[in-house]
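When a residue number appears, it is its place in the shown sequence, counting from 1.
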Amino acid sequence: MTGRRILLIIGGGIAAYKCLEFVRRAQERGFRVRAVMTRAATAFVTPLSMGAITGERVFLDLFDRDDEHDIGHIRLAREADAVVVAPATADLLAKMAGGHADDLASTVLLATDKPVLVAPAMNPQMWSHSATQRNVAQLRDDGIRFVGPNSGEMAESGESGVGRMAEPMEILEAVDGLLEGAVNDAEKSVSPLSGRRVLVTAGPTHEPIDPVRYIANRSSGKQGYAIADAASALGADVTLVSGPTTLRPPLGITTIQVESAADMLEAVSNALPVDVAIFAAAVADWRVDTASEQKIKKQSGDSPPTLSLVENPDILATIAKHEHARPGLVIGFAAETENVVAYAQAKRARKGCDWMIANDVSPATGIMGGDQNTIHVISADSVETWPQMAKNDVGKALMERVANHLAGR
């Protein structure tokens with residue numbers, strides 16, 4: 001990436017401080033970074049700080065005579081190889097979706113002919129608001145790529161939910177994917193899933209007991225990530241909603257990091273509508289009714305604490321039975337330790353999905369968390385048993401089957 005230029009548009013949010021780290025990391029990879037700051041952004045990071053770390057002039061004002069004479073907003077928009085908007089506030093997303101151009105940042109975004117990546121950051125209620133989600137859907141339709149937002153605690157309010165800006169390295173990985181592009185535009189135009197939107201969930205969920213303990217499972221997320229990567233390679237516009245894993249987000253894919261089942265359901269619901277939804281995440285069935293705000297202390301002689309559990313939302317069933325935005329093809333996963341096919345057939349009927357992917361995760365197989373998988377593809381009228389193969393190969397085979405199904409083959 002040596003010599004490639006990133007135009008970084010910084011919105012007005014507390015997450016703006018992360019842009020300093022993003023610039024430093026980008027420079028380590030050989031990128032040159034120019035920055036455009038909104039007026040609100042300067043309340044969080046000074047132009048002096050940003051200019052010092054970029055080594056470039058920081059652009060602030062659409063009507064600055066010197067800036068316009070020297071470079072101009074049109075050249076600024078065109079001379080970058082990629083445009084990154086971080087933090088992308090609700091206001092900036094609304095301006096982009098509506099085609100507004102009343103300041104330098106929005107004017108540059110309207111004038112650019114380069115790929116644009118946005119990293120949203122806002123209060124969870126603002127992110128989930130119907131107006132924001134309409135704007136996000138419009139921007140995705142316009143070809144804008146997203147990274148995040150992630151789940152976590154908000155710095156300014158102490159609230160938790162989906163709305164945290166992606167970390168600098170996550171954004172940089174997404175920039176790499178944007179520029180390298182495993183599939184270029186010409187290839188995508190003839191790819192089997194070109195024009196299709198695919199949603200994939202992956203990994204476990206963590207259900208808090210107290211600030212340091214949680215309920216989880218052994219899912220690695222590898223299968224879901226492999227499916228998302230395979231869908232993108234076939235030309236799909238992919239959104240990956242991932243629970244906590246150690247995996248790097250696939251290049252060129254919108255990845256939303258979440259923690260709990262409730263967070264995952266919110267992120268999935270916000271990603272609709274899609275053509276295909278594949279639920280490979282191992283969502284915890286239960287959570288603690290009321291998680292302790294402080295660490296539960298163990299005292300000598302005390303009995304173990306009693307945890308009151310309540311059922312988590314059933315994400316697969318919720319989307320499979322969605323009244324207004326059910327995807328055309330809904331695929332679930334059933335990890336079983338016995339009676340694998342029979343249990344999966346019953347689960348498919350109960351959840352209301354089109355296909356159920358069953359796999360044996362009994363301890364003897366060693367599959368849970370590993371790199372191999374043996375699956376059965378179960379539909380309303382058939383069961384296909386596939387030989388054991390690498391999870392990457394399972395992802396490719398499954399997405400090819402999806403492409404053939406959508407094509408009527």
Side-chain angles (χ1 to χ4, degrees), residues 15 87-88 90 93 117-140 144-154 159-167 170-171 174 197-208 214 216 219 221 224-225 227-228 231-232 236-245 247 249-250 253-284 287 312-322 324-327 330-333 353:
L93 294 177
L117 174 74
V118 299
M122 64 196 74
N123 177 273
Q125 292 298 323
M126 295 174 70
W127 172 251
S128 62
H129 194 283
S130 58
T132 301
Q133 290 306 308
R134 283 197 303 271
N135 292 333
V136 169
Q138 180 61 59
L139 291 171
R140 283 183 170 140
I144 303 298
R145 304 302 288 266
F146 283 73
V147 55
N150 296 343
S151 175
E153 187 172 318
M154 303 297 111
E159 296 180 30
S160 294
V162 178
R164 281 175 61 92
M165 190 173 89
E167 296 303 315
E170 292 179 67
I171 299 172
R197 294 185 61 188
V198 175
L199 169 68
V200 182
T201 69
T205 63
H206 288 179
E207 310 301 329
Y214 54 82
S219 173
Y225 276 58
I227 292 168
S232 180
D237 178 7
V238 182
T239 298
L240 172 64
V241 179
S242 173
T245 75
L247 304 174
I253 288 174
T254 298
T255 303
I256 301 172
Q257 304 284 353
V258 299
E259 290 279 337
S260 68
D263 293 338
M264 184 170 283
L265 176 59
E266 179 184 353
V268 164
S269 299
N270 288 340
L272 300 177
V274 296
D275 299 291
V276 181
I278 303 174
F279 295 92
V283 181
R287 69 181 186 275
N312 264 328
D314 191 324
I315 301 173
L316 172 58
T318 298
I319 303 305
K321 299 175 182 179
H322 201 291
H324 307 295
R326 186 193 191 278
V330 178
I331 303 172
F333 267 70
C353 59

Salt bridge (Lys or Arg N to Asp or Glu O under 4.0 Å) filter on E259, not counting sequence neighbours, yields none

Residue list, side chain to side chain contact (heavy atoms under 4.5 Å, CB included) with [X], at least two apart or on another chain:
X    : value
A325 : L272, H322
A284 : T205, E207, N312
P149 : P120, W127, V162
Q257 : N150, E170, Y225, S242, P249, T255

side-chain hydrogen bond (donor to acceptor under 3.5 Å, both in side chains) filter on T254, not counting sequence neighbours, yields none

If every non-hydrogen atom of [X] is compared with every non-hydrogen atom of [Y], which pair is closest and at what distance?
X    : Y    : result
I171 : A119 : CD1-CB, 3.8 Å
T245 : G203 : CG2-CA, 4.0 Å
A202 : G221 : CB-O, 4.0 Å

So the side chain to side chain donor-acceptor pair (under 3.5 Å) pairs with at least one residue in residues 265-283 (sequence neighbours excluded) are none

The complete set of side chain to side chain donor-acceptor pair (under 3.5 Å) pairs with one or both residues in residues 129-140, sequence neighbours excluded, reads Q138-D142

| said: I'd like to know if the side chain of R326 and the backbone of K321 have a donor-acceptor N/O pair within less than 3.5 Å. | reply: no

Quiz prompt | Side-chain donor/acceptor of S232 to backbone N/O of V238, under 3.5 Å | solution = no

Does the pair F333 and L316 meet the rule for a side-chain contact (heavy atoms from CB on, under 4.5 Å), with working shown? CA-CA 9 Å; F333 267 70; L316 172 58; over 6 Å; no

Rounding to 0.5 Å, atoms CD1 (I319) and CG (D314) come to a distance of 10.0 Å

side-chain contact (heavy atoms from CB on, under 4.5 Å) between L139 and V118, worked out: CA-CA 10 Å; L139 291 171; V118 299; 5.6 Å; no

